[in-house]
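These notes are about the structure you will find just below.
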Number of protein chains: 2
Amino acid sequence: MSTAREVPSATRWLTQDETAAWLPLLRVGQLLPQAMDRQLRKEAGIRHAYYQVLVHLSAQPDRTLSMGELARLAATSPSRLSHAVAAMEERGWVTRRPCSTDRRVQYAGLTDAGLSLLERVAPGHVADVRRLVFDRLTEDEVSQLRSLTLKLLPSLDA
Amino acid sequence: MSTAREVPSATRWLTQDETAAWLPLLRVGQLLPQAMDRQLRKEAGIRHAYYQVLVHLSAQPDRTLSMGELARLAATSPSRLSHAVAAMEERGWVTRRPCSTDRRVQYAGLTDAGLSLLERVAPGHVADVRRLVFDRLTEDEVSQLRSLTLKLLPSLDA
DNA sequence: GGCGGTCACTTGAAGCTGCAAGCAACTCCT
DNA sequence: AGGAGTTGCTTGCAGCTTCAAGTGACCGCC
């Protein structure tokens, strides 16, 4: 990551230790989503983005969320979600209906077909997560991982 | 991530602790690349994928790498790199020339324009990395982060 | 030599992503 | 009331990513 040595203003380049952490973090950040995506596509024919929509809707008591809430939970942009839900609606996995009290809001709801797709796909996905992540880590390391990622989230969410 | 409770074969769902680590990890894995991309686009007009190409080429003594090596270093697919380098060549940041001993191989080389772009862009990028990641962590945490990500890499690289 | 297999890379098409723009509905303020 | 500003969501488009297929070039083996 270090490139030029002399720059007009005093740039605080990464230290050696920081670089040694940054490079693999960057790599994990690239490869992990790729791996999730590939596995779900090959074995289930859907993207990870779709899977997340299914998961979050299924976690609601009424299988329903407003587009805004759903976007927030899935860490995606409104635009992206709009496109994704449109495509998933066409395939019969979710439905959309307007909110009665605030007509700007749209609710996305999981259909039976969507739920059964999720149930068919989830075991393979969980197995993959286990294989790629949790089978490699001790209990303590999992705890460290949780603590570290939670520390990084606030600045990324904003 | 937990969805159905009863599935044909015995699916080992994630424990509570694992889920508590998985959700933020997934989120970081999504948001971190997004954030890198947004910052570089806004302030430099290039994608993070392009930036990585520039960085890896600039780190070579002769500013040159074969497409294969470059793809491996940047953790990207050959196809993606091919498209990217084609676009960057058109903008004058890299050049391509065939290898003299193995005519399947192409070398990508960083131009002066490419290097000066990188030097202009790098400080802002490093500042962003610092703001998003290293300013939030103690020295010990950085070390934990390095150790954890290094443990996850092997299974992802394969 | 020459033929199957692999390797390095490129290409094209389909689908997704991000941004900017747009629209209607809601809120606030006077 | 009513206008300015904000919110929730959608749309269109340009650009990127992915997969599958294709093209040469190299290797090993008979």
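Please read these numbers as outputs of a predicted model, since none were measured by experiment. Letters A, B, ... mirror the listed sequences (proteins, then strands); counts begin at 1.
- Taking a cutoff of 4.0 Å between a charged side-chain nitrogen and a carboxylate oxygen, E18(A) and R130(B) qualify as a salt bridge.
- Rounded to whole Å, the distance from CD on Q30(B) to C1' on dC16(C) is 14 Å.
- Among the nucleotides dG8(D), dA8(C), dT11(D), the one closest to the side chain of S82(A) is dT11(D).
- Along DNA chain C, the nucleotide nearest to A87(A) and the one nearest to G68(B) differ in position, and the one closer to the 5' end is contacted by G68(B).
- Remark: C1' of dC9(C) and CG of L70(B) are 13 Å apart, rounded to the nearest angstrom.
- S66(B) places no side-chain N or O within 3.5 Å of a backbone atom of Y107(B) that could act as its donor or acceptor partner.
- On a pure distance criterion of 3.5 Å, a polar donor-acceptor pair joins the side chain of H83(B) and the base of dG12(C).
- One atom, CD1 of I46(A), and another, P of dC16(C), lie 12 Å apart when rounded to the nearest Å.
- In this structure, R96(A) reaches the dT10(D) phosphate: one of its side-chain N or O atoms is under 4.0 Å from OP1 or OP2.
- One interatomic measurement links the two molecules: CG of L40(A) to P of dC19(D), which rounds to 12 Å at whole-angstrom precision.
- Counting atom types as modelled, R104(B) pairs no side-chain N or O with a base atom of dC26(D) as donor and acceptor under 3.5 Å.
- In this structure, Q34(A) reaches the sugar-phosphate backbone alone: every heavy-atom distance under 4.0 Å involves primed, P, OP1 or OP2 atoms, never a base.
- Among the atoms of the strands shown, only primed sugar atoms or phosphate atoms (P, OP1, OP2) are found under 4.0 Å from some heavy atom of Y50(B).
- In this structure, R97(A) places its CZ atom 14 Å from P of dT10(D), rounding to the nearest Å.
- D157(A) has no carboxylate O lying under 4.0 Å from a charged side-chain N of R72(A), or vice versa, which leaves the two without a salt bridge.
- The base of dC9(C) is not paired with the side chain of S79(B) by any donor and acceptor separated by under 3.5 Å.
- The phosphate of dG18(C) has OP1 or OP2 within less than 4.0 Å of a side-chain N or O from R80(A).
- The distance between atom CZ of R91(B) and atom P of dG15(D), rounded to the nearest whole Å, is 8 Å.
- Using a 4.0 Å heavy-atom cutoff across all strands shown, T101(B) reaches sugar-phosphate atoms only and no base atom.
- With hydrogens and angles left out, the side-chain atoms of Q30(A) and Q52(B) include a donor and acceptor closer than 3.5 Å.
- Nearest-nucleotide positions on DNA chain D place Q106(A) closer to the 5' end than the other of Q106(A) and D102(B).
- Rounded to a whole Å, the CZ atom of R103(A) is 5 Å from the P atom of dC26(C).
- Distance from the side chain of S77(B) is smallest to dT18(D) among dT18(D), dC16(D), dC9(C).
- Evaluated for a side chain to side chain contact (heavy atoms under 4.5 Å, CB included) with Q39(B), the options H48(B), Q34(B), H125(B) yield exactly one hit, H125(B).
- In this structure, L81(A) atom CG and dC9(D) atom C1' are separated by 10 Å, rounded to whole Å.
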